[in-house]
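Here is the structure we will look at, set down as structure tokens.
Lettering of chains follows the sequences in order, A, B, ..., and the numbering in each one begins at 1. Side chains are part of it too, since the values below use all heavy atoms of this structure and drop only hydrogens, waters and symmetry mates.
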Amino acid sequence: MDNIQIAEMFNRMAKLLEFKGENQFKTRAYTNAARSIKGLDEELKVLYKEGDLDSISGVGEALKSKITEMLETGTFDAYEKTMSEIPQGIIDIMDIPGIGPKMARLFYEKLGVTSVDELSRAAREHRIRRLPRMGEKQEEKILRSIVRLQGDKDHGRHPMALAMEIAKEIRNELCSCPHIEKVTIAGSLRRKKDTVGDIDLIAISSEPERAIEFFVNMEKVEEILNSGTSKGSVIYPGNYHVDLRVVDKEHYGSMLQHFTGSKEHNIHLRKLALTKGYSLNEYGLTNESGNITSCTGEEDIYEFLGLDHLPPEIREDRGEIEASLTGNLPRLIERKDIKGDLHVHSNWSDGANTMEELAEAAIQRGYEYIAITDHSHSTGIANGLSDRRLQEHIDEIDRLNEKFDEIKILSGTECDIRTDGKLDYSNDLLEQLDIVIVAVHAGLEQDRNKMTKRIVAALENEHVDIIAHPTGRKLGKRPAYDVDMEKVITVAAENKKALEINSSPWRLDLNDINARKAKEHGVMIAINTDTHTLDHLDNITFGIDVARRAWLEADDVLNTMNLKQLCSRLGIPKD
DNA sequence: GCCGTTTTCGGCCCGACTGTTTTCAGTCG
């Protein structure tokens, strides 16, 4: 079991215990431990082997032995026992937005409801409204939630790039409201998480109620979830859940800090504030005598707590607070550090543009180099290049390099790694290229062992420079293929190969966790766009977002090197 | 169930909104 699975099991256990009416602090201990585990850099199985499970905060003797049990058997006794006492469908009911353990228990005890379908029927038959603290509106709300949940295959998560466009559209509309002074995007979107569950916005207004009224009555709003005096929530087309929080100027900083999150980061900050005798909330810092220090800028809060102004991308409670306290915060990579793009397709394979157009677009973006990496012949559907056409491809790039002074065009390939780990081109041919990217495009269903061996074999080829989109995931479409990333990263480090962060909004592969792991093993990362049309070149910002979330600095990234450094690394003769 | 620079017992992050009440529990972020 990996850390995520163990954390999820603790979270489910917490829900089950709450359903049973257990002591709330006991249930919280499980969620605290789950949170702590999700934030670990190290795999639990490694800590377990080294006898270091004691080092995890929020994990005491009892939970430690449950972790051990899970690592050895895949589950733990107390969990199995609790599960056997509670009907399976109850878990699904508690996953319905607006229904927690208390309500699930009420429906179960009073109506015998044990599944989402039964709950839906009870609501339609108006049996819910007769229960204590329930009524007509609750019934309608439950039915709406069920319908929305069932119509939503992706569990409400959206690729960050798409959500960002919607967020900007809403921000622009809100800015036209005379009662709104300023609108800022907050939440996981501000932290640039690869997928986001909702869109959080903060507005400054001296008339919050009128601002909220404007918000919930925007033309495109499909449903108003709630609408209070300082906060509103709506559903926007595409099943986007949008929250707006309205605040006066004086509290803007603390509000922005609070609603940027993450939740885990904020909890850690509040605990830190408490050790200094202050309570922290979205209105500022309160001391023991009740005096509030309001914060107009969020940097005020960090400064007060003795921390650097932490970049939103790393606010995940994955060590950023400790790093800041000890002066070990990374200087995160920025857009201006990028000197070129190393994964671009032309119309020689499945790209839309000529090599010349790509070179010109790269010049416009201030790049020193661009690698044209068209597909190899296995990817027939993408018009992959035969041996003969690859030779012509190399010649064409030579010709263009004569023409362009402002940029170096690198001749490359995105060569298929076949199912047996062999590459599409011979070593003789690969040797003639400036840069060799390899990738898995077919046979995605291979088992973990075969897939790992396949990629490792490619990493061990002396001509290979970069593995593209190393896990093959496509957000909302298909999961990563089954591969031992620890092994891939270790072998990449041994052979001095780079791994890619693919900047396509649908891939973002490697993700932040794996990219950070790669950095820790000393593996260089290439942030590439996998461009197929000119505008894709600008997707580089999404790749940089992932890199920043992975704590990467400019020195960790291959394409922050200038041309001379890059040529030296790739072994390209200077000309 | 966890934890300790007052504590090994008695605390445990904090506030808005809703729907139901007539003062608040439940849920969410």
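No side-chain donor-acceptor contact under 3.5 Å links A:Asn217 to the backbone of A:Phe214. In this structure, the side chain of A:Arg473 engages the main chain of A:Leu508 through a donor-acceptor pair within 3.5 Å.
Straight-line distance between the C1' atoms of B:dA16 and B:dG11: roughly 25 Å, to the nearest whole Å. For B:dG15 and B:dG10, the P atoms lie 26 Å apart once the distance is rounded to whole Å. Only the P atoms considered, B:dG4 is 13 Å distant from B:dT8, to the nearest whole Å. The P atoms of B:dT20 and B:dT27 are separated by 14 Å, rounded to the nearest whole Å. For the C1' atoms, the distance from B:dG1 to B:dT5 is 24 Å, rounded to whole Å. Of the C1' atoms belonging to B:dC17 and B:dT23, the separation is 16 Å, rounded to the nearest Å. Taking the P atoms as reference points, B:dT6 lies 24 Å from B:dC2, given to the whole Å.
Base pairing analysis places B:dT8 opposite nothing; no Watson-Crick or G-U wobble pair with both distances below 3.5 Å involves it.
If you find the closest nucleotide of DNA chain B to A:Ile267 and to A:Tyr283, the one lying nearer the 5' end belongs to A:Ile267. Residues A:Ile56 and A:Tyr278 both approach DNA chain B. Their nearest nucleotides, taken by heavy-atom distance, put A:Ile56 toward the 5′ side.
Between A:Leu285 atom CG and B:dG15 atom P the separation is 12 Å, expressed in whole Å. Atoms CD (A:Gln24) and C1' (B:dC2) sit 14 Å apart, rounded to a whole Å. For the pair A:Phe10 CZ and B:dC2 C1', the interatomic distance rounds to 12 Å; values are reported in whole Å. Distance CG (A:Leu274) to C1' (B:dT5): 15 Å, rounded to an integer number of Å. Following rounding to the nearest Å, A:Glu22 (CD) and B:dC2 (C1') show an atom-to-atom distance of 15 Å. Across the protein-nucleic acid pair, A:Asn266 atom CG and B:dA16 atom C1' stand 15 Å apart, rounded to whole Å. Distance CZ (A:Arg245) to P (B:dA16): 6 Å, rounded to an integer number of Å. Taking atom CG of A:Leu244 as the reference point, atom P of B:dC17 lies 11 Å away to the nearest angstrom.
A:Glu264 and A:Ser262 share a side-chain donor-acceptor pair at under 3.5 Å. A side-chain N or O of A:Asp317 and one of A:His268 form a donor-acceptor pair less than 3.5 Å apart. Neither side chain, A:Glu80 nor A:Ser84, offers a donor N or O lying under 3.5 Å from an acceptor on the other.
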Query raised in the report: For every nucleotide of nucleotides 20-29 of chain B, 5' to 3': is a protein heavy atom under 4.0 Å from its base (B), only from its sugar-phosphate (S), or from neither (-)?
Result: B---BSSSSB
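Within the structure, a side-chain polar atom (N or O) of A:Thr229 is placed less than 4.0 Å from OP1 or OP2 of B:dC17. Here A:Thr27 does not reach the OP1 or OP2 of B:dG1: none of its side-chain N or O atoms lies under 4.0 Å away. Between A:Asn281 and B:dG15 there is a side-chain polar atom (N or O) within less than 4.0 angstrom of OP1 or OP2. Put simply, A:Ser57 has no side-chain N or O that comes within less than 4.0 Å of OP1 or OP2 on B:dC3.
Taken from CG in A:Leu552 to CZ in A:Arg516, the straight-line distance is 10.0 Å, to the nearest 0.5 Å.
Counting any heavy atom pair closer than 4.0 Å across all strands shown, A:Glu61 reaches sugar-phosphate atoms only and no base atom. Using a 4.0 Å heavy-atom criterion, one finds that A:Thr275 contacts no nucleic acid atom at all.
Residues from residues 62-82 of chain A that place a heavy atom under 4.0 Å from any atom of DNA chain B, listed by number: A:Ala62, A:Leu63, A:Lys66.
The aromatic ring of A:Phe25 does not sit over the base of B:dC2; the criterion of centres under 5.5 Å apart with planes under 30° is not met.
When A:Thr260, A:Asp200, A:Thr184 are each tested for a side chain to side chain donor-acceptor pair (under 3.5 Å) with A:Arg190, only one passes: A:Thr260.
In this structure the side chain of A:Pro159 never reaches within 4.5 angstrom of the side chain of A:Asp194, judged on heavy atoms. Contact check for A:Pro132 versus A:Leu106: side-chain heavy atoms found under the 4.5 Å cut-off. With a 4.5 Å cut-off on side-chain heavy atoms, A:Tyr108 and A:Ile86 do not count as touching.
Residue pairs that meet the ring-ring contact (aromatic ring centres under 6.0 Å, His included) test with at least one member in residues 223-257 of chain A, sequence neighbours left out, are A:His158-A:Tyr240, A:His251-A:Tyr283.
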